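Along the sequence shown, residues are numbered consecutively beginning with 1. Predicted, not measured: the structure shown is a model, and the values here were computed from it.
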Amino acid sequence: MARTLSSRRTTHRLAADAGLLVVAAAFVLPLAWVILSSLDTNANLQVKLPDGVTLDNFDAVLTPDITFTPLLNSLLLCGGGTALTVACAALAAYPLSRFRSRFNRPFLLTVLFATCLPITAIMVPVYALFVRVNLIDTMQGTIFFFAASQLPFAIWLMKNFMDGVPKELEEAAWTDGASSLQSLVRIVLPLMGPGVAVVTVFSFVMMWGNFFVPFMLLLTPDQMPASVSINEFFGNRGMVAYGQLAAFSIVYSTPVILLYVLIARRLGGGFALGGAVKG
């Protein structure tokens, strides 16, 4: 009986390990293809070692028209949109976290519902509105829409993180004459640094990979971000420059990776407020 039970456990363990290997392969193989194809001038859809390691694909894509200008546009759009999203989310989440009202829950449920709306469902009226107010084909208009599209979920996240900061700390600041805005900026936000970091990274990544919004709202080629210019590697009649596409993908992913590395310390930190209100 004991031997049969041990055999079953071994079988279940092997099945679980096999499932995990399949999942790991699903993530590793695309990354391996990107890295190997970027070093291969004869790259195709197969995951294979390069015929000869070369940096010609990077030399071909590292030009102002293909990479540098689109990346700069992406940094302006996503950086501006992220800053606006974090600022507005903090201002909106603060009263939801600190003041009790019968409208808090309906508002939060409305915000949560707004995160479920597909971009394609609202793009037609947004495009018509932007044409009316002369925001079409402008960087600031695209930044506004980026921020508006990410704001609902950012408010939800920010409010949950803000709930973890004890209100007693703010009350002490209010006693010293600080206003609500001063307590938010000087006490709450510094103490919820990991939460602000999460909202920042999430918003930036979602904007960085967005193809549809800038493709619809921007018309001038010189203003196109890298998420749109990557489409240039897909030529007519099904021709694709796989090696250059892989090289561009690595360059395109670098800012997001650097952002995560720079903010990783805050992401791994805690609120550390255990003894803040004692004594």
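Annotation: the span from Ile250 atom CD1 to Ile257 atom CD1 amounts to 9.0 Å, rounded to 0.5 Å. Interatomic distance, Met216 CE to Phe130 CZ, rounded to the nearest 0.5 Å: 12.0 Å. Interatomic distance, CZ of Phe161 versus CG of Leu191, reported as 14.0 Å (0.5 Å rounding). The CG atom of Leu36 lies 12.0 Å from the CD atom of Gln46; values are rounded to the nearest 0.5 Å. In this structure, the separation between CE on Met224 and CG on Asn231 is 10.0 Å, given to the nearest 0.5 Å. Atom OG1 of Thr82 is separated from atom CH2 of Trp208 by 10.0 Å, given to the nearest 0.5 angstrom.
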Stepwise side chain to side chain contact (heavy atoms under 4.5 Å, CB included) test for Leu91 and Leu181
CA-CA 9 Å; Leu91 293 175; Leu181 181 60; 4.2 Å; yes
What's the verdict on side chain to side chain contact (heavy atoms under 4.5 Å, CB included) for Thr138 and Gln223, showing C-alpha distance, side-chain angles and the deciding distance?
CA-CA 8 Å; Thr138 62; Gln223 293 184 335; 5.9 Å; no
Stepwise side chain to side chain contact (heavy atoms under 4.5 Å, CB included) test for Met162 and Val188
CA-CA 7 Å; Met162 204 169 287; Val188 178; 3.6 Å; yes
Please evaluate residues Val196 and Met158 with respect to the criterion side chain to side chain contact (heavy atoms under 4.5 Å, CB included), reporting the C-alpha separation (whole Å), side-chain torsions for both, the decisive distance (0.1 Å), and the verdict.
CA-CA 7 Å; Val196 176; Met158 193 77 76; 4.3 Å; yes
Dump the intermediate steps for side chain to side chain donor-acceptor pair (under 3.5 Å) on Thr220 and Asp137, then the final yes or no.
CA-CA 7 Å; Thr220 305; Asp137 196 26; 2.7 Å; yes
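Among all heavy-atom pairs drawn from Ala60 and Ile66, the shortest one is O-CD1, 3.5 Å. Contact detail for Val228 and Pro214: the closest heavy-atom pair is CG2-CG, 3.8 Å. Of all the heavy atoms in Gly80 and Ile143, the pair that sits closest is C-CG2, 3.7 Å. Taking all atoms of both residues into account, the shortest heavy-atom contact from Phe144 to Leu135 is CD1-CD1, 4.4 Å. Here the shortest heavy-atom pairing between Ala148 and Pro152 reads O-CD, 3.3 Å. In terms of heavy-atom proximity, Ala246 sits nearest to Val34 at CB-O, 3.4 Å.
Judged purely by atom type and a 3.5 angstrom limit, Thr69 has no side-chain atom pairing as donor or acceptor with the backbone of Asp65. Side chain of Ser37 to main chain of Ala43: no donor-acceptor pair is present (N/O by atom type, distance under 3.5 Å, no hydrogens or angles). No donor-acceptor pair closer than 3.5 Å links the side chain of Trp156 to the backbone N or O of Leu109. Judged by distance alone, the side chain of Glu232 and the main-chain N or O of Ser229 form no donor-acceptor pair under 3.5 Å. With hydrogens and angles disregarded, a donor-acceptor distance shorter than 3.5 Å links the side chain of Thr85 to the backbone of Gly81. For Thr67 (side chain) and Val61 (main-chain N/O), a donor-acceptor pair under 3.5 Å exists by modelled atom type.
Results of the ring pair (Phe, Tyr, Trp, His ring centres under 6.0 Å) test with Phe233 over Tyr252, Phe248, Tyr242 single out Phe248 as the only residue that passes.
Put simply, Ile119 and Val205 are part of two different groups of oily side chains (I, L, V, M, F, W, Y) that touch within less than 4.5 Å, one to the next. In the hydrophobic clustering of this structure, Leu218 does not group with Phe68; members are Ile, Leu, Val, Met, Phe, Trp, Tyr whose side-chain heavy atoms approach within less than 4.5 Å, directly or through other members. Val199 and Tyr94 fall within the same hydrophobic cluster, where Ile, Leu, Val, Met, Phe, Trp and Tyr residues are linked whenever their side-chain heavy atoms come under 4.5 Å apart, directly or through other members. Both Ile122 and Phe211 are part of a single hydrophobic cluster, where members link through side-chain heavy atoms under 4.5 Å apart. One hydrophobic cluster holds both Val86 and Ile187 under the rule that ILVMFWY side chains link at heavy-atom gaps under 4.5 Å.
Within a 6.0 Å sphere centred on CZ of Phe99, heavy atoms belonging to other residues, nucleotides or ligands number more than 12. Heavy atoms of other residues, nucleotides or ligands lying less than 6.0 angstrom from CZ of Phe212 number more than 12. Heavy atoms of other residues, nucleotides or ligands lying less than 6.0 angstrom from CZ of Phe58 number more than 12. Atom CE of Met206 has 12 or fewer heavy atoms from other residues, nucleotides or ligands within 6.0 Å.
For Asp163, the salt bridge (charged side-chain N to carboxylate O under 4.0 Å, His left out) test picks out Lys159, with sequence neighbours left out.
With contacts defined as side-chain heavy-atom distances shorter than 4.5 Å, the pair Asn57/Leu39 does not qualify. Between Asn160 and Met192, every side-chain heavy-atom pair lies at or beyond the 4.5 Å cut-off. Under the 4.5 Å side-chain criterion, counting only non-hydrogen atoms from C-beta, Cys88 is in contact with Leu84. Proximity of Gln182 to Val185: side-chain heavy atoms (C-beta onward) are nowhere separated by under 4.5 Å.
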